[in-house]
2 protein chains.
Amino acid sequence: MSRQNKYSIGEFSKKTGVSIRTLHYYDELGLLQPEKNEESGHRIYYEKDIFSLHKIVSLKFLGYSLDKIKDLLDEASISADLNKTLALHLEGLEKEKEHIEHSMSAIKRVMNLLEKEGEVDSAVLFSLIRNTQVETDQKEWMEEHFLTGVAEELSKKSDEDKFTLDETLVQLSKDVKQLYGRPVEDMEVQAAVKRYIEASFAFLGEELIEKLADTEMEEAEIQELEKMAPSPFTEEEQQWLNRAMEYYAQQAEMEHS
Amino acid sequence: MSRQNKYSIGEFSKKTGVSIRTLHYYDELGLLQPEKNEESGHRIYYEKDIFSLHKIVSLKFLGYSLDKIKDLLDEASISADLNKTLALHLEGLEKEKEHIEHSMSAIKRVMNLLEKEGEVDSAVLFSLIRNTQVETDQKEWMEEHFLTGVAEELSKKSDEDKFTLDETLVQLSKDVKQLYGRPVEDMEVQAAVKRYIEASFAFLGEELIEKLADTEMEEAEIQELEKMAPSPFTEEEQQWLNRAMEYYAQQAEMEHS
DNA sequence: TATAAGACCTCACGTAACTGGAGGTTCAAG
DNA sequence: CTTGAACCTCCAGTTACGTGAGGTCTTATA
């Protein structure tokens, strides 16, 4: 009953589901070195090798590199400082997961946009993706600038809210492409600016916007921000838009007083 | 105002946060090929290159390979079949995410065990990790064998419940190591078996266990299952344990009737 | 204007965890 | 004895760069 089963590499591969080539590789690395028929050089695997392979595969699953695995296998007692290593690993996985979730969110936003709008200007698309991408950086930046509240609020926004804002941005970009060149006082231009600003207010809430507007920034910092969140517009368009928005702000100011 | 800013590769790298080597690489791949000073060979980047780089970085963020990105950049209209590609990518990311979550769950279970038990036999540890790892396979297998209900139930179990089951398994393995060799009718042996079986019942629920027991399997299928879920015991121990459990079942049967 | 520092150039190897192929040997069956 | 499958070793390629060698260009200062 306790006869030791022998396996050729092919059989072993089938039994364990690990490819022959990978077994060769593990042999080469010294992770799993089976007995060898001295004459033929053919590898001979036993039951115990199944255990070893399971260890390797398990550790790999936990996210260890083969290099680390080799160290771990060599160690007599595995549970020695395993706990620390595992905690560390868990952190790494957490980050990876967050990254993936961000990517997924970005993709969903893009897909949503494509679905609702059909064709979308690629500059807008990419500025949007980039925005999602640097969300973490932005959050950090805001926290550095004592805008912790803003950062918190923003990360609480649902995907739905973001969808809405995305669509607003698309609308704005269409408006800009169409209206660029007209005087900033033009009624249609002002109407477009109004739509955009109101949507932004709706998204952020008035307080947040004002807080942002009140934050003083140095030139270098503005550059920093730009690096993080590229505008979908050309420099000229952006400047024209800025003027239009300033004009809008002035008008609003006057009405208020 | 519309003077075209020029950047050396170093400046460009600082402005965009992309390393010089990476810029070289993108140039080599044809992803972003800036102008060159013919005499010196030094690269000259302009504002427009910032846009291009943003595109590349964005697509990379979405998970595309540089190769794919090149294709996408070459295409005139990006939104052509982007939607399909994105959907596909989303699926891939979903799978990656699930994998990571599985790994995290496995790590947590192991950490929990180490914390509560101190030292744990590595065979048990690995059989447990392996179990988590092949959870998906097991689920598929069960569904193939018309045990959809069981599969569903199992994946609904909380981490807490799994922790408890883990501890039971550890207990059993300790018992087996200690009691192996004694006759299966031995009182302590039977007590250990009882503890284990009752804990399993508590975890799975009686119906599920019976359903599983009633499922007829062929030899090949049993092998399949073994491949998925390795026992932490040696073959001899496992056989001894099986006999002990059979004996337990007989006794239980007799009491019932 | 000479020189030195620093920025830039190309070339080429190293990484992780394999996969794939070439070219040759061994095994098992007929 | 042959034939085909299974096995062997060695080498190359994959991704997205990092790193370093060895040489050229630019720019600031003496």
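Per chain, numbering begins at 1; letters A, B, ... match sequence-line order.
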Participant: Taking CD from B/Glu28 and C1' from C/dA12, how many angstroms apart are they, rounded to a whole number?
Facilitator: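 Checked: the CD to C1' distance equals 11 Å.
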
Participant: Between atom NE2 in B/His42 and atom P in D/dC25, what is the gap in whole Å?
Facilitator: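 Taking NE2 of B/His42 and P of D/dC25, I get 7 Å after rounding.
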
Participant: Is the phosphate of C/dC8 approached by B/Ser40 (side-chain N or O, under 4.0 Å from OP1 or OP2)?
Facilitator: no

Participant: For the pair made of CG in A/Leu59 and C1' in C/dA17, what is the distance, rounded to whole Å?
Facilitator: 16 Å

Participant: Checking B/Ser173 now: which residues fulfil side-chain contact (heavy atoms from CB on, under 4.5 Å) with it, not counting sequence neighbours?
Facilitator: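 Per chain and number, B/Ser173 pairs via side-chain contact (heavy atoms from CB on, under 4.5 Å) with B/Val124, B/Phe233.
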
Participant: Along nucleotides 9-16 of chain D, 5' to 3', which nucleotides get a B, which get an S, and which get a -, given that the test is a protein heavy-atom distance under 4.0 Å?
Facilitator: BBB----B

Participant: Kindly check if the number of other-residue, nucleotide or ligand heavy atoms within 6.0 Å of NZ (A/Lys68) is above 12?
Facilitator: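 Incorrect, the count does not exceed 12.
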
Participant: Tell me every residue that passes salt bridge (charged side-chain N to carboxylate O under 4.0 Å, His left out) with A/Asp27, counting only those two or more places apart in sequence or in another chain.
Facilitator: A/Arg43

Participant: Checking A/Lys162 now: which residues fulfil salt bridge (charged side-chain N to carboxylate O under 4.0 Å, His left out) with it, not counting sequence neighbours?
Facilitator: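 A/Lys162: salt bridge (charged side-chain N to carboxylate O under 4.0 Å, His left out) contacts with A/Glu135.
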
Participant: B/Tyr7 has an atom OH; how far is it from atom C1' of C/dA7, in whole Å?
Facilitator: 18 Å

Participant: Taking atom P of C/dA16 as reference, at what distance in whole Å does atom CG of A/Asp71 sit?
Facilitator: 12 Å

Participant: Does anything in residues 29-40 of chain B pair up under salt bridge (charged side-chain N to carboxylate O under 4.0 Å, His left out), and if so which pairs, sequence neighbours excluded?
Facilitator: none

Participant: Using atom CD of B/Glu39 as one end and atom P of D/dC25 as the other, report the distance to the nearest whole Å.
Facilitator: 9 Å

Participant: Which comes earlier along DNA chain D counting from the 5' end, the contact point of A/Ile20 or that of B/Ser19, where each point is its nearest nucleotide?
Facilitator: A/Ile20

Participant: Run the side-chain contact (heavy atoms from CB on, under 4.5 Å) test against A/Lys60 and tell me which residues pass, sequence neighbours left out.
Facilitator: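 side-chain contact (heavy atoms from CB on, under 4.5 Å) list for A/Lys60, sorted by chain: A/Tyr26, A/Leu66, A/Ile69.
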
Participant: Could you tell me how far apart B/Leu23 (CG) and D/dG18 (C1') are, to the nearest whole angstrom?
Facilitator: 14 Å

